**Q** 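Structure below; questions to follow.
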Amino acid sequence: MSNQAHYKGFATTAIHKGQEPDPLTGAVTVPLYQTSTYAQEGIGQHKGFEYARTHNLTRSKWEENFAALEQGTHGFAFASGLAAIDTVMKLLSAGDHVLAAEDMYGGTFRLFDKILRRFGVEFSYVDMTNLDAVKAAIKPNTKMLYTETPTNPMMMLTDLRGVAALKNTAQGAAMLVVDNTFASPYFQQPLTLGADIVLHSATKYLGGHSDLVSGIVATNRADIAEQLKFLQNAAGAVPGPFECWLCLRSVKTLAVRMKQHEENAMKIAEFCAAHKGIQKVYYPGLKSHPQHELATKQMRGFGAMISIELGSLEQAQQFAKKVRVFTLAESLGGVESLVCHPVSMTHGSVPKETRDRLGVTDGLVRLSVGIEDIEDLLQDIEQALS
Ligand code: PLP
């Protein structure tokens with residue numbers, strides 16, 4: 001039977017950790033425990049499973065697997081990426097302050113600004129690429145530093161070791177939470193760089209096939225794990241077992257998918273950077289990216305998300321209309337290439353002045369590079385720009 005003592009590599013861990021053959025039948029894939037409750041032998045006598053919001057073995061196996069991929073000790077699965085973020089924020093209380101990145105997924109900003117603020121949690125937003133600005137913005141009641149890296153959609157990086165070193169400047173010490181959705185644990189492991197909590201929209205690379213919505217969190221702190229376990233059950237935003245089963249299946253190919261995603265993305269970024277019809281390319285793998293060096297230090301690769309500036313809304317509309325292999329759709333991280341217009345699709349809830357400051361313009365288009373044949377993808381971009 002598989003045992004982590006027998007392996008160290010990422011791909012082997014993804015395929016075997018928590019995915020040992022079923023002890024009852026020998027099935028080589030984790031069984032799908034599609035049940036809401038469990039028979040008890042007598043009152044108070046059960047096998048450790050009482051109700052499926054609290055315990056589901058398919059979910060536990062996925063959590064165990066994911067925690068290992070992020071080099072954490074505990075994993076917690078949720079019904080969506082936002083459900084994961086919402087539950088993590090419930091570690092806080094009214095009066096606590098969160099210092100968050102100003103450039104992040106619009107839905108996360110909406111959750112903070114439109115909902116959690118009403119419960120007395122205080123938020124301020126800072127340029128997370130600037131460590132001096134982060135240090136200056138930490139307040140006595142700062143309990144959490146929250147960032148995404150690379151960011152959605154401007155592909156800015158947070159120096160995770162640098163920000164982690166500032167955690168203790170807050171009275172009572174703040175925890176560092178990192179949304180690692182864009183990089184995936186294959187390219188970046190924030191817990192090894194000083195983060196306390198790492199989370200993902202598993203809808204993206206972890207699921208990888210644009211066929212599920214889910215979220216997942218890992219930590220290496222026992223105190224945080226205990227609270228998250230309580231919150232996962234008490235607030236109840238858990239995924240169904242089938243989503244967990246699909247994630248277990250998908251991560252078996254995460255390493256090969258990420259390699260191919262990145263190989264394609266690098267070629268597309270270089271092609272776009274040389275194309276006259278494109279004014280700017282945002283991709284941390286390009287030497288022209290202002291934080292390329294940081295990317296080489298804290299990431300094992302650069303991912304497959306690229307933003308391109310086409311100059312105007314009309315150009316963006318034309319491009320989105322003309323692509324044939326890329327599909328115009330929200331989301332990212334699937335095997336199929338997608339194109340998205342952040343201003344009208346994912347970042348509508350971010351105020352216009354913030355968008356303008358960050359460069360989220362009407363002409364900005366975001367590409368999620370899939371794993372199709374690179375010649376087809378390049379040809380598609382070429383014809384859509386012509
Ligand atoms: N974090 C990032 C970086 C995202 O891009 C998204 C969704 O696009 C989310 C979180 C939210 O995840 P979900 O859509 O699974 O709720």
Side-chain angles (χ1 to χ4, degrees), residues 62 66 70 76-90 98 100-116 125 128 146-158 160 177-188 190 195 197-218 232 235 237-240 242-244 246-247 250 261 282 284 299 303-307 327-334 336 338-350 355 358 360 364-369:
W62 165 223
F66 172 74
E70 285 286 8
F76 301 94
F78 294 93
S80 68
L82 273 174
I85 298 167
D86 187 50
T87 304
V88 164
M89 300 316 282
K90 289 186 173 115
V98 179
E102 60 180 356
D103 179 22
M104 61 181 177
Y105 171 56
T108 306
F109 174 75
R110 183 179 54 199
L111 171 69
F112 291 179
D113 192 57
K114 297 276 189 291
I115 302 175
L116 297 172
Y125 300 91
M128 280 280 173
Y146 187 100
T147 193
E148 265 174 39
T149 180
T151 58
N152 182 1
M154 298 312 293
M155 312 301 154
M156 303 304 290
L157 307 189
T158 299
L160 292 178
V177 179
V178 178
D179 183 332
N180 199 28
T181 299
F182 268 34
S184 90
Y186 183 71
F187 287 132
Q188 179 172 267
I197 296 177
V198 58
L199 58 87
H200 288 254
S201 166
T203 314
K204 311 300 185 319
Y205 290 106
L206 298 173
H209 299 74
S210 308
D211 55 6
L212 65 91
V213 172
S214 212
I216 185 112
V217 177
Q232 184 191 40
V238 292
F242 186 53
E243 276 67 27
C244 299
L246 280 174
C247 284
S250 292
H261 276 296
Y282 302 90
M299 302 176 78
M305 297 301 300
I306 304 173
S307 289
T327 302
L328 177 65
E330 291 198 17
S331 203
L332 60 111
E336 50 286 287
L338 301 181
V339 52
C340 151
H341 184 240
V343 165
S344 61
M345 294 166 86
T346 50
H347 283 66
S349 40
V350 177
R355 292 201 311 252
L358 296 174
V360 186
L364 190 81
V365 160
R366 193 191 73 186
L367 307 177
S368 170
V369 178

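These numbers come from a predicted model, not from an experiment. Just so you know, ligand 1 is whichever comes first in the structure, and atom 1 is the first atom listed for that ligand.
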**Q** Please determine whether side-chain hydrogen bond (donor to acceptor under 3.5 Å, both in side chains) holds for the pair E336 and T327, giving the CA-CA distance in whole Å, both sets of side-chain angles, and the decisive distance to 0.1 Å.
**A** CA-CA 8 Å; E336 50 286 287; T327 302; over 6 Å; no

**Q** Would you call the rings of Y125 and F112 parallel, tilted or perpendicular, where under 30° means parallel and over 60° means perpendicular?
**A** parallel

**Q** Within the side chain of S307, is there an N or O that forms a donor-acceptor pair under 3.5 Å with the backbone of P153?
**A** yes

**Q** Would L332 count as a polar contact of ligand 1, with the cut-off being nitrogen or oxygen pairs under 3.5 Å?
**A** no

**Q** Can you pull out the closest protein heavy atom to atom 5 (O) of ligand 1? Residue, atom name and distance to 0.1 Å, please.
**A** N152 ND2, 3.3 Å

**Q** Could you tell me whether T108 and ligand 1 have an N or O pair separated by under 3.5 Å?
**A** no

**Q** Looking only at distances, can you tell me whether any N or O atom of L82, backbone or side chain, sits closer than 3.5 Å to an N or O atom of ligand 1?
**A** yes

**Q** Ignoring hydrogens and geometry, is there a side-chain-to-backbone donor-acceptor pair from T147 to A101 under 3.5 Å?
**A** no

**Q** Need the ligand 1 atom indices (1-based, order shown) with element for anything under 4.0 Å from a heavy-atom of S80.
**A** 15 (O), 16 (O)

**Q** Below a 4.0 angstrom heavy-atom separation, can you tell me which part of K204, side chain or backbone, both or neither, approaches ligand 1?
**A** side chain

**Q** Under 4.0 Å, counting heavy atoms only: does S214 come that close to any atom of ligand 1?
**A** yes

**Q** With no hydrogens and no angle check, is any side-chain donor or acceptor of E70 less than 3.5 Å from a backbone partner on V198?
**A** no

**Q** Got the closest protein heavy atom to atom 4 (C) of ligand 1, with its distance?
**A** Y105 CG, 3.7 Å

**Q** Hey, does H200 sit under 4.0 Å from ligand 1 if you only count heavy atoms?
**A** no

**Q** Is it the case that the side chain of S201 and the backbone of G81 share a donor-acceptor pair, with hydrogens and angles ignored and the cut-off at 3.5 Å?
**A** no

**Q** Determine whether a donor-acceptor pair (N or O, by modelled atom type, separation under 3.5 Å) exists between the side chain of H341 and the backbone of A329.
**A** no

**Q** Where is the nearest protein heavy atom to atom 10 (C) of ligand 1: which residue, which atom, and how far?
**A** D179 OD2, 3.5 Å

**Q** In this structure, which one of V365, N152, L364 forms a side chain to side chain contact (heavy atoms under 4.5 Å, CB included) with P342?
**A** L364

**Q** For the 3.5 Å polar cut-off, considering only N or O atoms, please tell me whether E148 and ligand 1 meet it.
**A** no

